[in-house]
Amino acid sequence: MNSNNKEAFSSTDYRRSRKAYVMESAFEYFITLLVADSFLAKLLSSIGLSDALIGVVSSLISLAFLFQLVAIFVVQRVVNVKRFVVFFHAISHLIFMALYFIPFMPWALPYKEVLVFVCILAAYFGKYLVNSMLYKWANSFVDPDHRATFSAGKEVISLASGIVMTLVLGQIMDAFEASDNLSGGFIFAAIAILIFNACDVISLLSIKKNSHTTPETQDPAAEKIPLGEVMKNTLGNKSFRSVIILTVLWDVARYTTIGFLGTYRIQELAFTLGTVQIINIAGNLGRIIFSRPFGVYSDKRSFAKGMELAMILCAIAFAFNVITTPATRWLVIGYSIFFNIAMAGSNQNMLSITYSYVDSKYFVQASAIKNSIGGLCGFGASLLASKLLSYIQENNNTIFGIKVYGQQVLALISLVIVVIAIIYTHFVIGKQKVMKQ
């Protein structure tokens, strides 16, 4: 990178844009907290959904990645990426807010179930349609030599502030429930999402509109790329295909288990929502501590090496979950800590690894293809997992004559798949030539 480009990254506009991106990520994370894990499980349980169906709904996020395929065709027709991203981000968050009003609707359960699926899919459609565009646009103001370190710092701020929000939100929701006014808690959650959405929009508006002067800052809409050229440089790229295989393994492993843990903690393990959030906080503290070291490690070694280390920690997390029962319920803390530390390395490495094997010119399209294929396989895994969970629960928590909880079996399956992914990353992806950009 020449000196002029280096000076651009030190300019006032670029620094302001990076700060705004950090703030936007935090507010988006707050909204995510309110529509995931135990918060979502509590909401869906109050509507009347079964454990297995709640797990499927929680895993819809993986299917929603399919919406990124639309970005392949849309990105080249977007005149103003900034305006496009702001609009769809705001709409998706408002739809998430609408989820908390479903319990108040005087409809039969089947209609509410359909509405839940529609709202979640619609919200994630808006979110993931622009996800790759936002990532490339906002990261265009980050020095490419320090992407992993910047992402780690951004994540630390989101997690640290998220810890406070999680604790406060969990305690408030518990207080509403304790006073037999869970409906009031849902209204509070909806208002919180509305406020966070407004802050998210303000942050996005504060990010500079892309310049077209360098490959790093080029607007995704600045050049019309033929679909055949895109396919040749993505699916036709052997190194990128191996990244897709890794993504499939990773998504199948995660979505086989994580969507079913919210109800397991609240029901079988009998934790209150507030206690679950405290356990999550313990995990997030570990993620905060290791996030920056992970970023530095990945910048020095490679995104593939960073991902390999993250998956080793994730395997340990799933091992904890395999042995977690009502009698040993506090072992869930071990799962939470190791899983969150693993996320410190996996989240940004799985996003940035595309830069290692695909020209940045095709980043948006490559990310959409990779995430969509992985998401589809992940959702398929969650459907199979829900069938297995229902089978075990219907047989009085027994399988092959062994007394066991369904979530333990799902965690064991995830553990095996993660180990396969670790071996594949070490012996295949880790041996590939990294593309310098």
Side-chain angles (χ1 to χ4, degrees), residues 59 61-69 71-72 128 131-132 135 148 227 229-259 294 298 301-318 339 342-343 345-385 410-435 437:
S59 299
I61 181 175
S62 62
L63 181 63
F65 274 120
L66 278 174
F67 296 137
Q68 290 197 31
L69 286 176
I72 296 175
Y128 286 118
N131 191 55
S132 297
Y135 185 79
L227 183 60
E229 181 182 339
V230 171
M231 293 298 105
K232 178 181 178 181
N233 288 277
T234 53
L235 291 177
N237 179 339
K238 182 179 178 181
S239 295
F240 178 63
R241 289 200 301 270
S242 67
V243 173
I244 292 177
I245 293 173
L246 170 61
T247 303
V248 168
L249 290 171
W250 179 238
D251 284 351
V252 167
R254 290 185 302 139
Y255 290 110
T256 293
T257 297
I258 60 174
F294 247 120
S298 298
R301 300 292 298 276
S302 71
F303 297 128
K305 288 292 185 183
M307 190 62 203
E308 183 180 338
L309 178 58
M311 290 189 295
I312 291 173
L313 294 171
C314 188
I316 297 173
F318 284 132
F339 185 78
M343 291 304 101
S346 67
N347 279 5
Q348 296 305 326
N349 281 314
M350 280 303 288
L351 281 170
S352 298
I353 198 171
T354 305
Y355 281 114
S356 295
Y357 306 108
V358 177
D359 191 300
S360 61
K361 179 180 179 181
Y362 312 103
F363 177 83
V364 173
Q365 295 92 333
S367 294
I369 292 170
K370 172 175 70 71
N371 293 336
S372 296
I373 294 174
L376 180 62
C377 294
F379 184 70
S382 73
L383 291 178
L384 294 175
L410 299 183
L412 178 60
I413 295 171
S414 293
L415 173 60
V416 172
I417 297 172
V418 168
V419 170
I420 294 172
I422 292 169
I423 295 171
Y424 183 78
T425 302
H426 184 81
F427 289 103
V428 179
I429 297 180
K431 307 298 183 182
Q432 295 178 166
K433 183 179 180 181
V434 175
M435 182 180 295
Q437 307 195 57

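Computed from a predicted model, the values in this text were never measured in an experiment. We count residues from 1, following the sequence as given.
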> Is the closest side-chain heavy-atom distance between Val252 and Cys377 below 4.5 Å?
Replying inline: yes
> Taking all non-hydrogen atoms of both residues, which atom of Ser414 and which atom of Ala253 are closest, and how far apart?
Replying inline: OG-O, 2.6 Å
>> Just so I know, are the side chains of Arg301 and Glu308 near enough to count as touching, which here means a heavy-atom distance under 4.5 Å?
In response: no
> For the atom pair SG (Cys314) and CG (Leu309), what is the distance rounded to the nearest 0.5 Å?
Replying inline: 11.5 Å
>> Please identify which of these residues, Leu249, Leu246, Ile316, meets the side-chain contact (heavy atoms from CB on, under 4.5 Å) condition with Met311.
In response: Leu246
>> Does anything in residues 234-247 form a side chain to side chain donor-acceptor pair (under 3.5 Å)? List the pairs, not counting sequence neighbours.
In response: Ser242-Gln432
> Going by heavy atoms in the side chains, are Asn371 and Tyr128 under 4.5 Å from each other?
Replying inline: no
> How far apart are the closest heavy atoms of Thr425 and Ala304, and which atoms are they?
Replying inline: CG2-O, 3.6 Å
> Is any side-chain heavy atom of Ile423 closer than 4.5 Å to a side-chain heavy atom of His426?
Replying inline: no
> If you measure from CE on Met307 to CZ on Phe294, what distance do you get to the nearest 0.5 Å?
Replying inline: 9.0 Å
> Should Tyr135 and Ser352 count as side-chain neighbours, where that means a heavy-atom distance under 4.5 Å?
Replying inline: yes
>> The test is side chain to side chain contact (heavy atoms under 4.5 Å, CB included); show your working for Thr257 and Phe339 and say whether it passes.
In response: CA-CA 12 Å; Thr257 297; Phe339 185 78; over 6 Å; no
> Any idea which heavy atoms bring Trp250 and Met343 closest together, and the distance?
Replying inline: CZ2-CE, 3.5 Å
> How many angstroms lie between CD1 in Ile417 and CD1 in Ile422, if you round to the nearest 0.5 Å?
Replying inline: 12.0 Å
> If you round to the nearest 0.5 Å, how far is CD1 of Ile373 from CD1 of Ile244?
Replying inline: 4.0 Å
>> Give me the atom names and distance for the closest heavy-atom approach of Arg254 to Phe318.
In response: CA-CZ, 4.3 Å
> How close do Gly375 and Asp251 get, heavy atom to heavy atom, and via which atoms?
Replying inline: N-OD2, 3.5 Å
>> If I compare all heavy atoms of Phe240 with all of Ile369, which pair ends up nearest, and what's the gap?
In response: CE2-CG2, 4.4 Å
> So do Ile245 and Ile429 actually touch side chain to side chain, heavy atoms under 4.5 Å?
Replying inline: no
> Do Asp359 and Asn233 have side-chain heavy atoms sitting under 4.5 Å apart?
Replying inline: no
> In Å and rounded to the nearest 0.5 Å, what is the CG to CG distance from Leu410 to Leu384?
Replying inline: 10.5 Å
> Pick one: which of Ser302, Ser356, Ser298 meets side chain to side chain donor-acceptor pair (under 3.5 Å) with Asn349?
Replying inline: Ser298
>> Side chains of Phe363 and Tyr355, heavy atoms from C-beta outward: is any pair under 4.5 Å?
In response: yes
